[in-house]
S.K.: 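Quick one: the structure is below, questions incoming.
Note: hydrogens, waters and symmetry copies are ignored here, and every other heavy atom, side chains too, is used. Chain letters run A, B, ... following the sequence lines, proteins first, then strands; residues in each count from 1.
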Amino acid sequence: MRQPIVCATMSEAVADIPDDITLLVPGFGPGLPFNLLTALYDQGARGLTTVSNGVGGAPAADGRKGLGEFVEAGRVKKVIAAFTAPTHPSRGSIVVDMVRGGTLEAELVPQGTLAERVRAGGAGIPAFYTPASVGTLLAEGKEHREFDGETYVMERAIFADYAFIRAWRADTAGNLVYRMAARNFNPVFAMGARHVIVEVEQPIVPAGEIPPDQVHTPGIYVERLVQIPPDGYFSSGRMPAATTEPRGSR
Amino acid sequence: MRQPIVCATMSEAVADIPDDITLLVPGFGPGLPFNLLTALYDQGARGLTTVSNGVGGAPAADGRKGLGEFVEAGRVKKVIAAFTAPTHPSRGSIVVDMVRGGTLEAELVPQGTLAERVRAGGAGIPAFYTPASVGTLLAEGKEHREFDGETYVMERAIFADYAFIRAWRADTAGNLVYRMAARNFNPVFAMGARHVIVEVEQPIVPAGEIPPDQVHTPGIYVERLVQIPPDGYFSSGRMPAATTEPRGSR
Amino acid sequence: MTAAQRRLTRELIAATIARRLERGWIVNLGVGMPTLVSSYVHPKQDLTFTSENGVIGYAGLADESEMDQDIVNAGVQPVTLHPGASIVHHADSFALVRRGMNDVTVLGAYEVAIDGSFANWRTSTEPFDQLGGIGGAMDLAARCKQVWIAMDHTTRDGSPRLLEHCTLPVTAPRGVTLVVTDVAVVAVRDGRFVLEEHAPGFTPQQIQAMTGARLEISRDLSEIQI
Amino acid sequence: MTAAQRRLTRELIAATIARRLERGWIVNLGVGMPTLVSSYVHPKQDLTFTSENGVIGYAGLADESEMDQDIVNAGVQPVTLHPGASIVHHADSFALVRRGMNDVTVLGAYEVAIDGSFANWRTSTEPFDQLGGIGGAMDLAARCKQVWIAMDHTTRDGSPRLLEHCTLPVTAPRGVTLVVTDVAVVAVRDGRFVLEEHAPGFTPQQIQAMTGARLEISRDLSEIQI
């Protein structure tokens with residue numbers, strides 16, 4: 001069987017990533033590939049189009065880099081996300097400032113539509129219809145269509161150049177297992193990109209040690225695997241901007 | 001948490017199924033819910049529209065009933081399948097005879113499109129585009145559309161009244177685990193029907209015994225669970241017509 | 001002599017919502033006040049809580065000793081799991097949302113209108129600039145059988161949030177059936193607001209004065225149980 | 001004196017295909033002769049076999065002692081698994097097919113034409129009556145990087161199966177790049193058939209006589225290694 005490349009370091013895993021790529025970044029609290037993001041930050045790639053749930057909050061004290069730091073450094077061309085602004089108007093946001101200033105492009109997408117657009121890209125489905133956003137500003141300009149008396153909007157697939165993935169376990173065949181809610185977008189994003197690079201928490205085990213029935217992402221999707229070093233970033237620690245402030249709270 | 005009803009017998013599990021339902025029947029070799037099908041055969045429901053990979057072969061010696069027996073008994077109105085006729089022209093088929101005689105309706109669907117149409121139904125997606133069948137007889141009369149220079153056909157979702165599911169393990173919360181290639185259509189079909197009835201091979205375990213990360217079908221999809229009795233049908237035994245005769249063989 | 005007025009805390013709003021959840025329901029809880037609800041339900045209610053991130057069957061918020069950073073709700077708050085919980089990925093999570101598996105989603109909002117529309121993703125009426133925080137609200141609102149809103153009855157400066165029409169861009173043009181605020185429980189039915197419960201010490205007239213649309217009074221009007 | 005003619009058996013056709021699979025490829029094998037291929041490859045080829053039913057990473061056909069009824073290929077024949085195999089459901093299985101993850105699919109067929117079209121689901125030219133056996137062939141043919149066909153060179157009564165145009169309804173209007181038969185290996189390139197290998201004792205002229213379209217002769221024409 002085909003085997004992914006096991007890289008010795010995060011920087012090796014991201015070394016040849018060019019500028020101007022589209023990059024999928026999973027995570028919803030846990031499940032964020034902070035180690036790969038930090039290595040890419042150090043590598044210097046720019047002109048990124050990113051696909052993620054949110055775009056990060058305040059800088060982390062431990063030095064890890066999230067999408068927020070890429071945006072702030074002017075290395076992102078466009079963010080595609082379910083949260084492009086803090087839900088609470090009083091909180092500042094570099095994304096908001098840069099979009100208003102014309103130095104960053106944004107595309108706001110309902111979270112379920114975002115997951116489904118990448119799933120469609122990973123499934124060879126170029127477009128589909130969804131009821132989400134019908135009757136809202138987000139549906140304006142989109143193609144509408146009725147099926148069985150209900151109105152839907154058409155949404156296009158997203159297929160990216162790269163996905164960074166955060167797994168709990170992996171084997172040498174590249175099979176991945178996620179832990180609990182750290183799964184979130186990871187298995188979907190692992191299907192939706194040409195090049196899939198995975199950071200993994202547990203020591204990589206020999207092929208065959210993960211039972212075939214328990215694999216969440218088959219190894220054929222994985223191009224590179226790298227184990228998080230002992231001094232890497234292990235806990236989610238920082239919440240995405242999306243989820244720190246409750247809506248409609250006092 | 002909500003719990004499915006655990007039925008004592010197969011006949012109890014299917015007792016109130018009305019006539020004229022749409023029924024999803026998974027299975028591709030293994031994974032066929034023969035016990036529920038046999039109970040439904042005895043129950044007498046008719047006017048069925050069935051969704052499956054194939055429509056069964058010759059009658060089984062052990063008395064189990066497959067879709068072929070329902071068709072033969074005139075209890076099926078329409079079959080939706082990836083194999084509506086044997087691939088080898090010399091072999092007879094009750095489906096072929098009845099469709100030609102006007103007593104049965106058939107809809108031939110590429111296997112991937114079939115799986116995706118039910119997945120769409122289970123995902124609230126009313127329609128999607130696929131490249132499969134473009135340029136063939138099957139695409140005639142279907143809506144075509146270009147995306148990025150490639151041609152696709154639009155396919156509609158299937159959402160059924162009932163699904164019969166064959167699982168390997170289940171807990172009292174209805175969480176299901178399938179074994180190896182017996183998984184096939186099962187998790188997809190379990191999402192694509194209003195009423196999901198499950199036959200399970202292993203003794204049903206208390207909720208909590210199947211780790212959340214290893215569940216293939218969440219219990220919220222399951223309405224009824226029934227354990228296969230010791231004298232039930234355990235092995236796949238009979239291959240579907242679809243897969244018995246190689247194509248283009250001598 | 002009037003009874004002392006008592007506004008509901010966030011926790012009491014959550015508890016009030018928890019009491020109204022019906023047996024066996026599948027319930028989605030949004031970020032903020034709604035995520036508190038799972039801590040106030042009774043096991044006999046047989047509720048299944050689902051979260052956008054794919055957690056099915058979680059229980060209340062976790063305390064320090066139970067905390068697992070990989071087990072979180074839609075607000076990324078650590079929660080505990082019921083026996084029989086399961087995890088799916090984000091696309092499967094929204095598959096069940098769009099299929100309409102949720103009997104109700106409880107969300108926060110800035111505004112709710114009598115037609116059941118609500119606004120919770122953008123605080124500006126300027127032309128749309130692709131900025132906002134939608135999360136899963138539009139997917140949820142499109143297909144959950146009911147949308148319940150947990151919010152304060154008025155803005156900080158006293159302007160009503162329950163309105164004839166939303167002034168902010170809507171999250172969905174319909175769907176809200178119940179609003180629980182710090183002073184009232186209001187049903188949204190056939191294009192009308194119906195006051196069903198009031199906070200201690202608040203009269204229907206006082207609540208009407210805090211509301212931006214006509215409030216019918218339910219014949220079963222009662223005080224919110226605290 | 002001519003060498004004795006020797007037609008390839010099903011097993012030799014499979015072995016001939018196996019030799020041409022390139023290192024590291026992801027390969028789908030269809031029902032019939034194609035499913036024999038996984039028994040004839042070399043471990044050094046690092047091939048990953050995928051099957052419509054969601055099995056990723058299977059090996060050769062299982063013998064009696066290895067047989068597990070729940071581990072089968074597209075022909076529902078018991079196979080063994082490589083360490084590192086995994087299972088997905090049918091929708092995910094075709095997700096990877098439509099995404100174009102397969103470097104090649106090997107299928108059986110009734111007919112192949114010079115434009116790369118092929119027919120393998122219906123043996124009648126009557127108006128379409130919804131009867132036939134497609135399986136996953138249309139999904140596979142639409143997106144696998146190449147389609148290879150394993151079939152007999154002629155029908156039982158000697159009529160050619162390699163044609164200018166398919167006479168039967170096609171499974172896909174293009175995609176075939178290679179045909180391996182009991183007498184020849186024929187590349188399909190730029191609307192032409194190119195004879196690359198011949199079975200022992202068969203001359204290009206004899207194979208041309210069994211073929212329904214012009215056969216170019218590769219300058220590297222060789223005998224099929226048996």
Side-chain angles (χ1 to χ4, degrees), chain A residues 26 28-31 53-54 82-87 89 93 95-96 99-100 105-116 118-119 130-138 140 168 178-188 216 235-236 239-250, chain C residues 10 30-35 51-55 68-72 74-76 81 87-91 93-95 97-98 107-110 117 120-124 128-143 149-152 156 161 169-174 182:
Chain A
F28 186 104
N53 188 50
F83 292 93
T84 55
T87 46
S93 155
V95 173
V96 169
V99 169
R100 293 203 173 132
E105 202 185 333
E107 184 178 345
L108 183 60
V109 183
Q111 195 174 108
T113 299
L114 187 74
E116 191 67 15
V118 178
R119 192 264 170 196
T130 174
S133 86
V134 170
T136 77
L137 275 184
L138 259 75
E140 282 181 13
W168 178 51
Y178 309 98
R179 188 166 175 280
M180 298 296 184
R183 189 183 314 188
N184 60 71
F185 290 94
N186 277 288
V188 184
H216 293 145
S235 62
S236 61
M239 310 287 118
T243 51
T244 46
E245 192 63 27
R247 289 191 196 115
S249 63
R250 54 194 76 180
Chain C
R10 292 161 56 87
V31 175
M33 274 193 268
T35 53
S51 179
E52 287 94 313
N53 59 350
V55 180
D68 179 332
Q69 287 205 72
D70 286 341
I71 305 178
V72 296
V76 195
L81 298 179
I87 311 284
V88 296
H89 63 51
H90 237 88
S93 172
F94 279 93
V97 168
R98 277 190 312 263
L107 299 173
Y110 304 128
S117 66
N120 80 348
W121 66 278
R122 190 167 194 252
T123 52
S124 148
F128 181 44
D129 52 9
Q130 297 288 342
L131 295 171
I134 304 176
M138 288 188 181
D139 312 89
L140 288 158
R143 281 293 179 269
I149 299 294
M151 67 177 188
D152 289 344
R156 225 170 284 202
R161 290 177 183 274
V170 299
T171 305
R174 66 187 150 276
D182 50 345

S.K.: Against chain C, work out which of A:Arg179, A:Glu140, A:His216, A:Glu116 has the most heavy-atom pairs shorter than 4.5 Å and name it.
M.R.: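 The answer is A:Arg179.
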
S.K.: A:Pro131 and C:Ala142: which non-hydrogen atoms are nearest, and at how many Å?
M.R.: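 Distance-wise, the nearest heavy atoms are O-CB, 3.7 Å.
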
S.K.: Side chain from CB out, backbone as N, CA, C, O: work out which of these in C:Ala91 comes under 4.5 Å of a heavy atom of chain A, or both, or neither.
M.R.: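 For C:Ala91, heavy atoms of backbone and side chain both lie under 4.5 Å from chain A.
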
S.K.: Measure the spacing between CG of C:Asp70 and CH2 of A:Trp168 and express it to the nearest 0.5 Å.
M.R.: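 That separation rounds to 9.5 Å.
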
S.K.: Decide yes or no for A:Phe185 and C:Asn53: does some side-chain heavy atom of the first lie under 4.5 Å from some side-chain heavy atom of the second?
M.R.: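 Side-chain contact under 4.5 Å: no.
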
S.K.: Against chain C, label A:Arg119 side chain, backbone, both or neither, depending on which of its atoms sit under 4.5 Å from a heavy atom there.
M.R.: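 A:Arg119 touches chain C through side-chain heavy atoms alone.
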
S.K.: Check each atom of C:Arg122 against the heavy atoms of chain A and say whether the ones under 4.5 Å are side chain, backbone, both or neither.
M.R.: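 Contact with chain A is through the side chain of C:Arg122 alone.
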
S.K.: If you measure from CE on A:Met180 to CD1 on C:Ile87, what distance do you get to the nearest 0.5 Å?
M.R.: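 One finds 5.5 Å between CE of A:Met180 and CD1 of C:Ile87.
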
S.K.: Tell me, for A:Val99 versus chain C, whether the close heavy atoms (under 4.5 Å) come from the side chain, the backbone, both or neither.
M.R.: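 When you check distances to chain C, only side chain atoms of A:Val99 fall under 4.5 Å.
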
S.K.: Under a 4.5 Å heavy-atom cutoff, which of C:Leu81, C:Ile149, C:Asp68, C:Asp129 has the most pairs with chain A?
M.R.: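 Max contact count across the listed options: C:Asp68.
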
S.K.: Could you tell me whether the side chain of A:Leu138 reaches within less than 4.5 Å of the side chain of C:Met138, counting heavy atoms only?
M.R.: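 Yes, side chains in contact.
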
S.K.: Using non-hydrogen atoms only, which part of C:Leu140 is less than 4.5 Å away from chain A: side chain, backbone, both, or neither?
M.R.: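 It is neither, since no heavy atom gets under 4.5 Å.
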
S.K.: List for me each residue that meets ring-ring contact (aromatic ring centres under 6.0 Å, His included) alongside C:Phe94, sequence neighbours excluded, and say none if there are none.
M.R.: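 Expected list: C:His90.
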
S.K.: Can you check whether A:Thr130 reaches C:Arg98 side chain to side chain, under 4.5 Å on heavy atoms?
M.R.: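 Yes, at least one pair of side-chain atoms sits under 4.5 Å.
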
S.K.: Checking heavy atoms, do the side chain of C:Thr35, its backbone, both or neither come under 4.5 Å from chain A?
M.R.: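 Contact with chain A is absent: no heavy atom of C:Thr35 under 4.5 Å.
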
S.K.: Sequence neighbours left out, what passes side chain to side chain donor-acceptor pair (under 3.5 Å) with C:Ser93? Give chain and number order.
M.R.: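 Checked C:Ser93 against side chain to side chain donor-acceptor pair (under 3.5 Å); zero matches.
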
S.K.: A:Leu108 versus C:Ile134: any side-chain heavy-atom pair under 4.5 Å?
M.R.: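 The answer is yes; the side chains approach within 4.5 Å.
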
S.K.: Between A:Ala115, A:Gly112, A:Ala132, A:Ala82, which has the largest tally of heavy atom pairs under 4.5 Å with chain C?
M.R.: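 Top option by heavy-atom pairs under 4.5 Å: A:Gly112.
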
S.K.: Count the heavy-atom pairs under 4.5 Å between each of A:Gly135, A:Pro110, A:Ala182, A:Pro187 and chain C, then report the option with the highest count.
M.R.: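 Highest number of heavy-atom pairs under 4.5 Å: A:Pro110.
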
S.K.: So which of C:Thr171, C:Val170, C:Asp139 has the largest heavy-atom pair count under 4.5 angstrom toward chain A?
M.R.: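 Top count of heavy-atom pairs under 4.5 Å with chain A: C:Asp139.
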
S.K.: Roughly how far apart are A:Glu107 CD and C:Leu131 CG, rounded to 0.5 Å?
M.R.: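 Reported value, rounded in 0.5 Å steps: 12.5 Å.
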
S.K.: Tell me, side chain or backbone of C:Val72 under 4.5 Å from chain A's heavy atoms, or both, or neither?
M.R.: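 The answer is both parts of C:Val72.
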
S.K.: With a 3.5 Å distance limit and no angle check, can you tell me whether A:Thr84 reaches the backbone of C:Gly132 through a side-chain donor-acceptor pair?
M.R.: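 Yes, the answer is positive, given that a donor and an acceptor are paired below the 3.5 Å cut-off.
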
S.K.: Taking every non-hydrogen pair under 4.5 Å, which of C:Ser51, C:Pro173, C:Ala95 racks up the most with chain A?
M.R.: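 Most heavy-atom pairs under 4.5 Å with chain A: C:Pro173.
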
